[in-house]
Structures are given as C-alpha cells and as structure tokens.
Amino acid sequence: MTDIKAPGCDDKLIWNTWMSMFNFPALTVAAELGLFSLLHKNPATSDVVAKEFGFELRAAEALLGILTSLGYLIQRDKKFYLTDVSQYYLIPESPYYWGGMLKLMSNFPLHHSVLMEALKKNDANASYSWATTKPNLEMIKMFTSAMHSMTKPAALSAAKLGDFSSVKRLLDVGGGSAAMSTAIAQQHPHIHCTIMELPAVAPQTEEYIAKAGLTDRVNVIHGDFFKDSFPTDYDTFLFSHVLEDWKEEKCLFLLKRCFEALPQGGRIYIHEPILAETKDSPAVSVGFAMCMVWWSEGKVLTISEITQLLQTVGFQDISVTPTHGHICLITACKP
Ligand SMILES: C[S@@+](CC[C@H](N)C(=O)[O-])C[C@H]1O[C@@H](n2cnc3c(N)ncnc32)[C@H](O)[C@@H]1O
C-alpha cells in the first residue's frame with residue numbers, strides 16, 4: 001500500500017470555484033421569481049419564502065443562503081432583508097435596475113462546451129445579427145435593455161466625472177439605449193447628443209430618449225458605422241462599449257474615420273472596462289475579457305493598447321479618468 005501524505009495546501013480554491021457556478025443562476029432565478037421585490041415590500045423568513053414560491057424549505061434556505069453570502073441579502077432574527085445593492089439594482093421600479101442584463105444572460109447560459117468552442121474559434125464575429133440579417137426584434141429589445149442596465153449607472157458617473165466643458169455637439173457611435181447620451185445631456189445642458197445606430201435598433205433608442213424626456217437635445221440618426229460615412233458637424237465622438245466588440249483592424253478603421261470627420265481640436269471619448277497591463281486583473285475585467293471571447297470578436301483593452309490605437313490614427317493629449325469601478329473614460333484630441 002502506498003503511503004500518500006496529506007497535500008501541502010488545501011483544496012478550498014477548487015471548492016470555491018466549483019460552488020461559484022451556482023452564484024449567477026441563483027441571482028437570475030431570484031430576479032425572475034420576484035424575490036427581491038417580495039423582500040423589499042416584506043422582509044421574510046425562509047419558510048415564508050418557501051410558501052410564497054411553492055418551494056421545499058431546503059430549496060428556499062439554499063437560495064436565501066447563497067444570496068446572503070454574496071451580499072445581496074442580510075439576515076436579522078431569521079428574516080431576510082435587501083442590502084443597498086439589491087435595493088438600487090434589483091428592484092424593477094429602480095432607474096438603475098440590472099434586470100435587462102440578467103434576463104439576457106439567463107436566456108444565453110454559458111456551458112463548458114460553449115466556452116471551449118469560443119476559445120478555439122479563431123474567426124469569431126461580433127454577434128450583431130441585426131446588422132446583416134432580418135432583424136429579430138425580440139433579441140434587439142433584450143440586448144438593448146441588457147446594455148442599458150449595464151451602462152446606465154456607469155454613464156451617470158462618467159457624465160459627472162468626465163470633463164465635457166469644451167463639448168457642444170457629440171456623436172454617440174453605436175449608442176444603443178442612449179444611456180451615455182441621456183446621462184451626458186442631463187448633466188451638461190449645453191451639449192446636444194446624436195446617436196448613430198443601426199436602423200433596426202434606432203426605434204428602441206428613440207423610446208429610451210423619450211422616456212428620459214430629452215427629445216429636444218438627444219436625437220438618433222440611422223447608420224451602419226462600418227458602411228456609412230460619419231457626419232462632419234460634430235466636435236466630439238463617443239464610443240461606449242464599442243471598441244471592445246471588434247478586432248484591432250476594425251477598431252482602427254472606426255477611429256481613423258472618426259479622426260477624419262472631426263474638426264481640428266475635436267475630441268474623442270472612449271468609455272470601456274479597462275484591463276491591467278498584466279492582463280490578469282481586476283477580476284471583473286478579466287471576466288469581461290472572457291465574456292468578449294464568448295460574445296464578440298473583440299477584447300478588453302489595456303490603457304497602453306487604447307493609447308496605441310489612438311496615437312496610430314493621430315490623436316494626441318490622451319487622458320484617462322476612472323469613472324465607475326473598472327470602467328474608464330479615455331479622451332484625446334485631434335491636433
Ligand atoms: C455593446 S453595445 C453598446 C451600446 C452603448 N454604446 C452602451 O454603451 O451601452 C454596441 C452597440 O453598437 C451597435 N452596433 C453594432 N454594429 C453596428 C454598426 N455596424 N453600425 C452602428 N451601430 C452598430 C449595436 O446595435 C449596439 O447598440
């Protein structure tokens with residue numbers, strides 16, 4: 001019999017990584033059930049939650065336990081209450097509701113085999129099927145709502161912390177739900193914003209602008225940013241969560257056309273998650289980098305990579321403002 005000694009370190013990391021597979025589905029299931037709304041109105045014990053959803057007690061305990069250990073709930077005297085993050089981001093009535101992204105991701109769960117295939121695929125394309133094929137309105141609505149829930153809180157920070165003092169007319173390229181443009185227009189009454197979006201998405205964009213009450217200062221033009229020329233009557237271009245979708249040569253193509261369309265002294269703003277130069281942190285950007293491998297043909301960029309892209313097409317005076325967690329607003333000027 002071989003005498004195997006105890007290992008030199010424990011296997012907690014593997015257990016934790018394995019168990020983390022339940023975290024995100026627990027969140028999406030709770031959101032779909034309306035658990036956060038229920039607890040918002042009436043903090044409840046696990047047996048009340050079990051009764052409400054027709055669950056066995058052990059199932060309610062497991063769900064409430066995971067959500068509490070993650071920080072979405074807090075337990076006092078056996079009752080579960082929402083934490084601040086849940087009150088801000090997980091109640092459908094909140095302007096910061098993340099429901100759009102939770103719904104999109106629950107419709108496209110990530111399996112081992114999907115990730116394996118995505119990693120091996122060297123000719124990935126960004127999945128904007130509505131740019132080329134018959135638009136699937138339901139998918140467009142779901143995706144735009146997902147992006148809105150992700151971008152809106154960050155957009156409010158970017159609009160507040162970014163220097164927009166010299167901006168008068170801003171073109172928001174691929175502006176989706178207008179989350180950035182409406183936040184900027186609200187914070188800076190001197191700015192007019194225009195969103196350039198695909199014709200299939202533009203009616204959605206218009207609805208979001210109307211809901212924000214900003215139709216007088218935010219409008220939409222139909223256009224394919226790879227095929228249609230950029231208008232030349234804007235002093236500023238914004239790319240929010242756009243470069244991360246595309247291969248380097250396409251990013252350069254977009255930036256070059258933006259540079260050519262801007263007047264002398266015009267500005268570009270890039271709003272994206274940023275990866276450390278070592279590409280192994282922060283954890284959320286590393287995760288998002290994998291998400292881009294799965295979902296798009298692009299990647300999360302480092303500041304050096306963004307600087308290199310901007311300088312290659314001629315931009316100067318590059319500055320970086322961290323605005324929201326791992327997200328930065330990078331700006332540069334056409335000399
Ligand atoms: C990741 S989303 C970003 C949306 C928004 N900028 C934000 O920060 O939330 C990318 C957007 O680019 C738009 N898009 C994709 N391909 C496009 C194209 N060829 N021309 C114009 N817009 C495009 C999509 O419809 C989508 O709204």
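Predicted model only: the values in this text are computed from it and were never measured. Whatever order the structure lists ligands and atoms in, that order sets their numbers, starting from 1.
A salt bridge links Glu297 with Lys250: at least one charged nitrogen is closer than 4.0 Å to a carboxylate oxygen.
In this model, a donor atom of one side chain and an acceptor atom of the other lie less than 3.5 Å apart for Ser304 and Glu277. A side-chain donor from one of Thr331 and Arg267 sits under 3.5 Å from a side-chain acceptor of the other.
Looking at residues two or more places apart in sequence or on another chain, you find a side chain to side chain contact (heavy atoms under 4.5 Å, CB included) between Ala276 and Thr278, Ser281. Under the rule for a side chain to side chain contact (heavy atoms under 4.5 Å, CB included), the partners of Leu70 that lie at least two apart in sequence or sit in another chain are Asn23, Ile66, Tyr72.
Considering backbone and side-chain N/O of Phe226, none are found under 3.5 Å from N/O of ligand 1. Between Gly174 and ligand 1, at least one pair of N/O atoms sits closer than 3.5 Å.
Ligand 1 places these atoms under 4.0 Å from at least one heavy atom of Asp245: 1 (C), 10 (C). Ligand-side atoms of ligand 1 in range of Glu197: 11 (C), 12 (O), 13 (C), 22 (N), 24 (C), 25 (O), 26 (C), 27 (O), range being under 4.0 angstrom from any heavy atom. Here is the list of ligand 1 atoms found below 4.0 Å of a heavy atom in Thr151: 7 (C), 8 (O), 9 (O). For ligand 1, the atoms lying closer than 4.0 Å to a non-hydrogen atom of Val201 are 25 (O).
Residue Gly223 places a heavy atom under 4.0 Å from ligand 1. Remark: distances from the non-hydrogen atoms of Gly175 to ligand 1 include one below 4.0 Å.
In this structure, Tyr97 has its ring center no closer than 6.0 Å to that of Tyr89.
Here the options are Met147, Met150, Met139, the test is side chain to side chain contact (heavy atoms under 4.5 Å, CB included), and the partner is Leu104; only Met139 passes.
We find the CG-CE distance between Asn219 and Met196 to be 12.5 Å, quoted to the nearest 0.5 Å.
By heavy-atom distance, the residue among Ser240, Ser296, Gly176 lying nearest atom 3 (C) of ligand 1 is Ser240.
Here Asp224 has heavy atoms under 4.0 Å from ligand 1 in both its backbone and its side chain. Contacts between Thr144 and ligand 1 below 4.0 angstrom, taking non-hydrogen atoms only, are absent altogether.
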